[in-house]
2 protein chains.
Amino acid sequence: MTDTPQALTLETIGKLAGVSRSTVSRVLNDHPDVRPDVRTRVEAVIEKTGYLPNQAARALVSNRTGLIGLVMPADVVELFGDPYYSTLVHGIREGCEETGSIFSIFPFYGERGQSILLPTLTSQGFLDGVIATAGPRSDDLIATLRDRGRNVVAVGRPADHRDVRRVDVASRSGSAAATAHLCGLDRRRVGFVGPTPEYMFGVERLAGYRDALVAVGREPDDRLVRRDEPNVAGGYRATLDILAEQPDALFVATDPMAAGALRALRERGLSVPDDVAIVGFDGLPNGRVTDPQLTTVVQPVLEVGRMAVQLLRRDHDGPDVVILPTKLRIGDSCGARASTSQQEMEHGEPR
Amino acid sequence: MTDTPQALTLETIGKLAGVSRSTVSRVLNDHPDVRPDVRTRVEAVIEKTGYLPNQAARALVSNRTGLIGLVMPADVVELFGDPYYSTLVHGIREGCEETGSIFSIFPFYGERGQSILLPTLTSQGFLDGVIATAGPRSDDLIATLRDRGRNVVAVGRPADHRDVRRVDVASRSGSAAATAHLCGLDRRRVGFVGPTPEYMFGVERLAGYRDALVAVGREPDDRLVRRDEPNVAGGYRATLDILAEQPDALFVATDPMAAGALRALRERGLSVPDDVAIVGFDGLPNGRVTDPQLTTVVQPVLEVGRMAVQLLRRDHDGPDVVILPTKLRIGDSCGARASTSQQEMEHGEPR
DNA sequence: GAATTGTGAGCGCTCACAATT
DNA sequence: GAATTGTGAGCGCTCACAATT
């Protein structure tokens, strides 16, 4: 169980191939100025010995490790059950394959987990870049990494996002489109169910909801707004609560919350979309299937992941904040499909 | 977006504190022979400047990176939905916190993903140790890491497990106990539903099933054995198929497969446990809740994760193969609870 | 002489430049 | 002189040992 006895180095390989360590280095790094026969000879020795360069030495001198880390501040169970994260991970992995980076997930939980991880993340010579999802449990970590000059990209919008490179989706305009859609279907009392205000995406989605109401000449009414945990249980509770206000439609800021809303309405004997129309937000490829099928604002999470990797690149010269568009996908929960006149509004992808 | 302008090094900190780099190094690494006032002075400078040692330099000279990697050869969606992985990750994270290592997950998918990751995993100066779950998609990776002399621990049993350190659970004896339990409840035609034979744990669980039959003087009958993918759909298919043999009990080698079995039986109008008794294998803390509640062989996945980290330690001097015990937890799917005489057989933990 | 500190060497690479063909 | 190769220095640490109190 000891390490490799033969501590192979560039020098050893060079000796075996009859060249200097420099030439071996050039072969390894695909430098052009190597004579073909020498290259072949060196490659043969590398192949035969199974030599692989020491990553630490390489990182020390080149100041690059090739490692991209995704920092996940959540309980593993929570994380692993969430289609948002699985899609995001998928996108980041694809992005890393494109750029030739190694992708790695650093799960941590709570203050203690963060304090263990933070020094390592912040050190030189460990990660080339960090991707972190914005949220109450990671916003200070993102701010710390930024302040320390680390190469960090936030996914979403951290509470303090000055000088933070980030990828986000058009939460506000997407929410406005969803709300406008409900208003256009002649719903008079359109409510909002979303996360508590420490989630910035919830703040933006509430703003979009209000934008749409104002745009059609209605007065936003806080009695039609409920906030809770951004998960199924939170959506369930908030919906039960808001029913006292007799809404005939709800824009629900995440699909898991919308699933909770559907459950609450079913329990109360209310039909969707007849009694209450529902529009959600997420539209994830692996999201749960609901009955009725949810009308929702689709966000391009896969592209978010890919783009985050792009933003991390040193040679990236695009904008430091990238906002990706969302689009409304019509399902059966909003009532648009019932009224044929509305059918042409559908511009979501087919499933 | 550039790196920190002040490239702090030990030398810089030493200069600021009026000592040599050696003394700063001693302070950082908690060496005893530093005068208290000097230590305080150096710590003050470190604190003020926010200095953190370069991990690559440290790794190069100490030959340790402090990084433990879990290699996950699976589609992310599959992975993230699986309570086995979430529990395992939880256990490994706890183990790493105990040993002061940084824990990181390397997700990859397919041949291409593996070929990208493998050189890095195999290199010196990158990971202190690799944990990999055994299975058809990772067994050759485990063998390669072993052959290259890397510090690797397998979870489960790889097809080629010579000289591979590993943590496993007592699949065979646990399966025998489950099968014996069904025989003891007077089931005459006890079938086996499990994974296809490239999954070694399935091979062991089938062996345990046969052990139990032989022990009570019955002839194992391959017509009562069905194998399919180790997931809900596979369990569903295999169970539909085995019903032609009219089993009155099934030992199902994983809980997801058992969930599929329950669905198949329900669809065929068969009652559990009256028509067919079911015992599963897994008993994960975050596993799905079934109706009826599943009798199952509980494996200690959290401890498996913790133990894997222990086995990775250089100073570990226990056995290289650790097999953790399983225990049968009685639910409502086997019929034991109905017959009061069997109640005392229950030795699972309460939920 | 014991406790504390500094110096030199070296980990295994990459890069600039000099030396060789 | 252009293409190819080797040498020297250095990345930022840790460790052994020498030097200092």
Side-chain angles (χ1 to χ4, degrees), chain A residues 3-4 6-43 45-46 49-67 119-120 122-128, chain B residues 3-4 6-43 45-46 49-67 119-120 122-128:
Chain A
D3 266 346
T4 33
Q6 80 284 28
L8 289 174
T9 69
L10 276 189
E11 208 77 48
T12 329
I13 301 298
K15 208 154 289 171
L16 288 171
V19 295
S20 74
R21 54 178 153 70
S22 247
T23 301
V24 183
S25 173
R26 277 187 270 262
V27 170
L28 280 171
N29 296 294
D30 280 324
H31 282 246
D33 294 342
V34 180
R35 239 170 52 210
D37 59 314
V38 174
R39 180 183 294 275
T40 310
R41 207 167 70 228
V42 172
E43 276 168 348
V45 174
I46 291 173
T49 55
Y51 167 77
L52 287 168
N54 183 304
Q55 297 294 316
R58 192 172 243 187
L60 176 58
V61 63
S62 69
N63 209 23
R64 291 184 13 92
T65 62
L67 228 205
T120 307
T122 319
S123 298
Q124 303 268 0
F126 187 68
L127 290 178
D128 282 351
Chain B
D3 267 347
T4 34
Q6 80 283 26
L8 289 175
T9 69
L10 276 188
E11 207 77 49
T12 331
I13 301 297
K15 208 154 289 170
L16 288 171
V19 296
S20 74
R21 55 178 153 69
S22 248
T23 301
V24 183
S25 174
R26 278 187 269 261
V27 170
L28 281 172
N29 296 295
D30 282 322
H31 282 246
D33 293 342
V34 180
R35 238 168 54 209
D37 59 313
V38 173
R39 181 181 293 274
T40 311
R41 208 166 70 226
V42 172
E43 276 169 348
V45 175
I46 290 172
T49 55
Y51 167 77
L52 287 168
N54 183 306
Q55 298 293 317
R58 192 172 244 188
L60 175 59
V61 62
S62 69
N63 209 23
R64 294 188 6 95
T65 62
L67 228 204
T120 308
T122 318
S123 298
Q124 302 269 0
F126 187 68
L127 290 177
D128 283 351

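Letters A, B, ... mirror the listed sequences (proteins, then strands); counts begin at 1.
What separates CD of Glu11(A) from P of dC13(C) is a distance of 9 Å, to the nearest Å. The separation between Asp33(B) atom CG and dG6(C) atom P is 13 Å, rounded to whole Å. Atom C1' of nucleotide dT4(C) and atom CZ of Arg39(B) are separated by 12 Å, given to the nearest angstrom. The CZ atom of Arg26(A) sits 11 Å away from the P atom of dT7(D) (whole-angstrom rounding). Rounded to an integer number of Å, the gap from Leu60(B) CG to dG10(D) C1' is 12 Å.
The side chain of Ser62(B) places no N or O atom within less than 4.0 Å of a non-bridging phosphate oxygen (OP1 or OP2) of dT14(D). The phosphate of dT14(D) (OP1 or OP2) has a side-chain N or O of Asn29(B) nearer than 4.0 angstrom. Distances shorter than 4.0 Å separate some side-chain N or O of Ser20(B) from OP1 or OP2 on dG6(C). Contact check, Thr23(B) against dG6(C): a side-chain N or O comes under 4.0 Å of OP1 or OP2.
Judged by distance alone, with hydrogens and angles left aside, Arg21(A) brings a side-chain donor or acceptor within reach of the base of dT14(C), the pair sitting under 3.5 Å. Side-chain to base pairing of Ser22(B) with dT7(C): one donor and one acceptor N or O lie within less than 3.5 Å of each other.
To the nearest 0.5 Å, atom CG of residue Asn29(A) and atom OG of residue Ser62(A) are 9.0 Å apart.
Both Arg35(B) and Val61(A) lie close to DNA chain C; mapped to their nearest nucleotides by heavy-atom distance, the more 5′-ward contact belongs to Arg35(B).
Arg58(A) and Leu28(A) get closest at one heavy-atom pair: NH2-CB, 4.2 Å.
dA3(C): Watson-Crick or G-U partner is dT20(D), with both key distances under 3.5 Å.
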